[in-house]
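I have placed the structure first, in the form of structure tokens, so that the comments after it can refer back to it.
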Amino acid sequence: MQEKYNHLDVEQTAQTHWTTRDAYRVIEDAARKKFYACSMLPYPSGKLHMGHVRNYTINDMLTRYLRMNGYNVLMPMGWDAFGLPAENAALKNGVPPARWTYENIAYMKRQMQAMGLAIDWSREVATCDPRYYKWNQWLFLKMLEKGIAYRKTQVVNWDPVDQTVLANEQVIDGKGWRTGATVEKREIPGYYLKITDYAQELLGHVQTGLPGWPERVKLMQENWIGKSEGVRFAFTHNIRGDNGALIGGGRMYVFTTRADTIMGVTFCAVAPEHPLALHAAKTQPALAAFIEECKTGGTTEAELAVKEKVGMRTGLKVVHPLNGHLIDVWVGNYVLMSYGDGAVMGVPAHDERDFAFAKKYGIAIVEVVLVDGMTYDYDQWQDWYGDKQRGVTINSDSFSGLSYKDAVNAIAHALGKEGLGEKKTTWRLRDWGVSRQRYWGTPIPIIHCAEHGAVPVPEKDLPVVLPQDCVPDGSGNPLNKHEGFHAGVVCPICGRSARRETDTMDTFVDSSWYFMRYCDPTNDQKMVAEGADYWMPMDQYIGGIEHAILHLLYARFWTKVMRDLGLVKVDEPFTKLLTQGMVLNHIYSRKGEKGGVEYFWPHEVEDIHDANGKITGAKLKEAKGSLPAGTLITYEGVGTMSKSKNNGVDPQDLIEKYGADTARLYTMFTAPPEATLEWNDAAVEGSYRFLRRVWNFGARLSAINNIASHAISTGVDGQFGKEAKALRLEIHTVFKQVDYDYQRMQYNTVVSGVMKMLNALEDFKSDGSTGSVMAVREGFGMLLRCMYPATPHIAHTLWTELGFAGQLGDLLDAPWPKVDDSALVQDEIELMLQINGKLRGAIRVPAGSGKEVIEAAAVASEVFVKLAEGAAPKKVIVVPGRLVNVVI
RNA sequence: GCCCGGGUGGUGAAAUUGGUAGACACAUCGGACUUAAAAUCCGCCGCUUUCCUGCAUAAGGGGCGUACCGGUUCGAUUCCGGUCCCGGGCACCA
């Protein structure tokens, strides 16, 4: 074999071997234990980034490990190929999104192949392929039929200059990203999916049906779904609209989880779009202007939450349902029309936000809950004002003197008697709006007829194919102007000329079921074929923690819809979930003269540290453009790697310089899979060095005559000398830990274990006896199999070169090693000795000693005698195999 | 603002979840090999030397130490309460 490790040769040869064998094609086989291990499908942004490398290496390690353990393992791959970045690239380069996307896919696929991933490429899926998105359209039509999909207005970010809808990402500080114009909220019609119909089941399964999911993800989903029990009730009024009818039937509904405080209501607030607000604005120009002002700014929850809470009186009054007081109706910028009934009651005494609002506008504060006899201070909010558990109602007529629970029951009962309210469960979760005013997505299969309105495209006409030749220019959806898309379109009902819907679907639709399509990706008869019954549910899903809520919740919902339509049998798609941590890198920027921000690559700057070693800033290493070397650069901290911030690391450089095995080993070794990884490329060299050491050891071994014939025969302990026994104890002890770490997917310590194995083998002084050679061969054979899932190329080559393949077969399917218990037997063990909980020394006792023997040894030890100074032990705690603690 | 997670040496981290804190590595430094360099191999590597023994900044012992403050326990990186900082998500980025 070659004396020097040459990663190019090794990786090429191994990959050719696997390709020739068609090693990764898997077929459904009911006789074998199946395992479906899948990564979240990548967006084809151009190149792989380190997050991908990390994700797929985890997936690949799992796949190869399980295959050696006898499983029929599926590892598929696909492309989340629709989306905004392709349109942005088109704006920049004038290249149609389709071409850009397919070129990226081709490039990234080559990169994945160079990484040596055990992907079954025969199942590849691209979501922009009509054979795929046809089924998005098909299921959407089924949902329309079932009433799961419906149409209503949605609020979007509107750029008044470009006359286009903006994504939240395209709104920067309330301004359009390209025009700088102040963004407005605008209501337009769109399609929604009734995920709220599934809220209870989605919540229930989080709590009981997903034991293989991380607790933190389940908690996040639980909070997102946000079940709350409360009371929905109405204030009454006789305000009439222009048509003479009572607005809202004379009722203004609100929802509250604090019905016990209803007697403390001193105002109400409605959303700017609420019918009462719009009615009042007709006669009050100031109010109309205020409502208009509320429309500025973006739509994100974060933005609304930090916005100052402001309001304006409408002059309208409504009647309190229990005490008959007339209550002022305000318009509040913090009330959302899309949440509940678009109106809230205001109880300043017991809600922090209402308190602040009341102080600001001089609204009365009426204390109606007393906590532990504490004195209410009307000037200053205290946290206990909102404490419902310890409170007792006061100032509440017949509802006074009650606990929270009793007060809510009594008040709900009283409202019920009047027919003005009842207990209700509400959800924070909102229905899923799937309409996007964009080109590069799945066309929504609807035809608009002047007479019949929005008419579903007949199933036989699917797919509605997206034209491939559009180049977005930033002003609206190019499908509106694409004549071919609308040519010859007729209403399916009356046959008269009509227009296609030009909205496309949210790309979360694409990613909500692709993992079922992998089971039979080109089937043109069925959305999912029988293969899905074999592979689903997915056994292990792996992806970024950033998808903990939206993607995972939508995929769970979509699966349940498919189940209810009889397409699949599973309730939940993902049995186990591993949420990989983000790969972060430092971000360096500088404000340009014109106000824009320029980002710098980490390698272009040198950090400036304070006395504690913290980075406070940076300076340019070399001149760049008009900026001289040494120019001060702002350090923005760490953040996810992104193209726009110039802080991505291209794995291609690593692969070319050191090989895929080094890139894989490094990403696995540097941090545990679930942890955030702050990039630091100084340590890559070390991983390469380790592989070279493994290679060199293998080369030395192959030089020993007949090494291949020294197969181990377990259980024949007598054949090993003392040194060989010690080596086997070390190797098998470490292997036991490595195997445990494989099972819990803690791959960083798997790599540590492999390093420990090599250290032990290198330190071993062979006496040339058969036992010595056998122990080394056994140890190295175990090492190769342990490192193989992480670094398959080098392991495959050494395995073959050293003749292991001849005995145990191709490493792909070689049997996973077993711990030889006889190698773990020890005569004597060491226990730590603590006195009063402090470590003072150690004692040696025969293995398997009982508590009495250990106690006696501890008390008799030199350390104890010296420190106890004759005092008798008060208590002795023995932790088997670890330590003994004597309390005196 | 709200929800979730994290914080351990110069650096990445480990500690099988209450039992030897820093395994395994990276970097720096010191040494071997070499005419030299590279490569390789070996060694040191939390703080405290105004805590003690010592000529000693050698060696040994002691004390402190897992973001910070407090608590539970024979024993806390691990459990509980509070604070600070960092990261992820917040429904049209994916």
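Numbers restart at 1 for each chain; the letters A, B, ... are given by sequence-line order, proteins then strands. Note that the structure is a prediction, hence the values are computed from the model and not measured.
Checked against B:A39, B:A91, B:A94, the side chain of A:L429 finds its nearest nucleotide in B:A91. Listed nucleotides: B:A27, B:C90, B:G19. Nearest to the side chain of A:W224: B:C90. For A:R689, taking side-chain heavy atoms from C-beta onward, the closest of the listed nucleotides B:C26, B:C24, B:G19 is B:C26. Listed nucleotides: B:U40, B:C26, B:U16. Nearest to the side chain of A:A683: B:C26. Checking B:A91, B:U16, B:C74 against the side-chain heavy atoms of A:V887 singles out B:C74 as nearest. With B:G63, B:G1, B:G87 as the choices, the nucleotide that has an atom nearest any side-chain atom of A:A302 turns out to be B:G1. With B:C93, B:A21, B:C24 as the choices, the nucleotide that has an atom nearest any side-chain atom of A:N759 turns out to be B:C24. Nearest to the side-chain atoms of A:H547 among the listed nucleotides B:C26, B:A94, B:A91 stands B:A94. Counting only heavy atoms from C-beta on, A:M832 has its side chain closest to B:U20 among B:A91, B:U20, B:C93. Of all nucleotides listed (B:C3, B:G19, B:C93), B:C3 comes nearest to the side chain of A:N223.
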Quick one, give me the B/S/- string for nucleotides 5-14 of chain B, reading 5' to 3', where B means a protein heavy atom under 4.0 Å from the base and S means that only happens at the primed atoms, P, OP1 or OP2.
S-----SBSS

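Between A:F515 and A:Y541, the ring planes lie tilted relative to each other; the angle falls in the 30° to 60° range.
In a base pair of the Watson-Crick type (N1 to N3 plus N6-O4 or O6-N4) or a G-U wobble (N1-O2 and O6-N3), with each distance short of 3.5 Å, B:A39 is matched with no nucleotide. Nucleotide B:A23 forms no Watson-Crick or G-U wobble pair with any nucleotide shown, as no partner meets the under 3.5 Å limit on both distances. Using N1 to N3 plus N6-O4 or O6-N4 for Watson-Crick, or N1-O2 and O6-N3 for G-U wobble, each under 3.5 Å, B:C2 pairs with B:G89. With a cut-off of 3.5 Å on both Watson-Crick or G-U wobble distances, the partner of B:C84 is given as B:G7. When both pairing distances are held under 3.5 Å, B:C64 makes a Watson-Crick or G-U pair with B:G46. If you check B:U77 for Watson-Crick or wobble pairing at under 3.5 angstrom, you find it has no partner at all.
Nucleic acid contact class of A:Q170 (heavy atoms, under 4.0 Å, all strands): none. Using a 4.0 Å heavy-atom criterion, one finds that A:V684 contacts no nucleic acid atom at all. When heavy atoms are screened at a 4.0 angstrom cut-off, A:D741 is found touching no nucleic acid atom at all. Within 4.0 Å (heavy atoms only), A:V754 reaches no atom of the nucleic acid at all. Within 4.0 Å of A:T640, counting heavy atoms only, lie sugar-phosphate atoms of the nucleic acid but no base atom. At a threshold of 4.0 angstrom between heavy atoms, the contacts of A:K307 with the nucleic acid are absent. Note on A:L883: a base of the nucleic acid sits closer than 4.0 angstrom, heavy atoms only.
Taking atom C1' on both nucleotides, B:C86 is separated from B:C24 by 26 Å, rounded to a whole Å. Taking atom C1' on both B:G63 and B:U50, the two are 14 Å apart, rounded to the nearest angstrom. Comparing B:A21 with B:G88, their C1' atoms sit 29 Å apart, to the nearest whole Å. Separation of the C1' atoms belonging to B:U78 and B:A58 is 38 Å when rounded to the nearest angstrom. Taking atom C1' on both B:C4 and B:G9, the two are 29 Å apart, rounded to the nearest angstrom. B:C42 and B:C47: their C1' atoms are spaced 27 Å apart (whole Å). The separation of B:C64 from B:G22, taken at their C1' atoms, amounts to 16 Å, rounded to a whole angstrom. Taking the P atoms as reference points, B:U73 lies 23 Å from B:C68, given to the whole Å.
If you look at A:W513 and A:Y132, their ring centroids are closer than 6.0 Å. In this structure, A:Y554 has its ring center under 6.0 Å from that of A:W432. Between A:Y133 and A:F82, the gap from one ring centroid to the other is short of 6.0 Å.
Checking A:T670 against A:N748 by side-chain atom types alone, no donor-acceptor pair falls below 3.5 Å. The closest side-chain donor-acceptor pair between A:Q437 and A:D503 falls under 3.5 angstrom.
The shortest side-chain heavy-atom distance between A:Y747 and A:T57 does not fall under the 4.5 Å cut-off. Between A:F557 and A:S512 there is no side-chain heavy-atom pair separated by less than 4.5 Å.
The existence of a salt bridge linking A:R693 and A:E762 is confirmed by a sub-4.0 Å separation between a basic side-chain nitrogen and an acidic carboxylate oxygen.
For the pair A:E762 and A:V306, both in contact range of RNA chain B, the more 5′-proximal nearest nucleotide belongs to A:V306. Both A:A305 and A:Y740 lie close to RNA chain B; mapped to their nearest nucleotides by heavy-atom distance, the more 5′-ward contact belongs to A:A305.
In plain terms, the two heavy atoms of A:T164 and A:G476 that are nearest each other are OG1-N, 3.1 Å.
Because its glycosidic torsion is within 90° of 0, B:G9 is reported here as syn.
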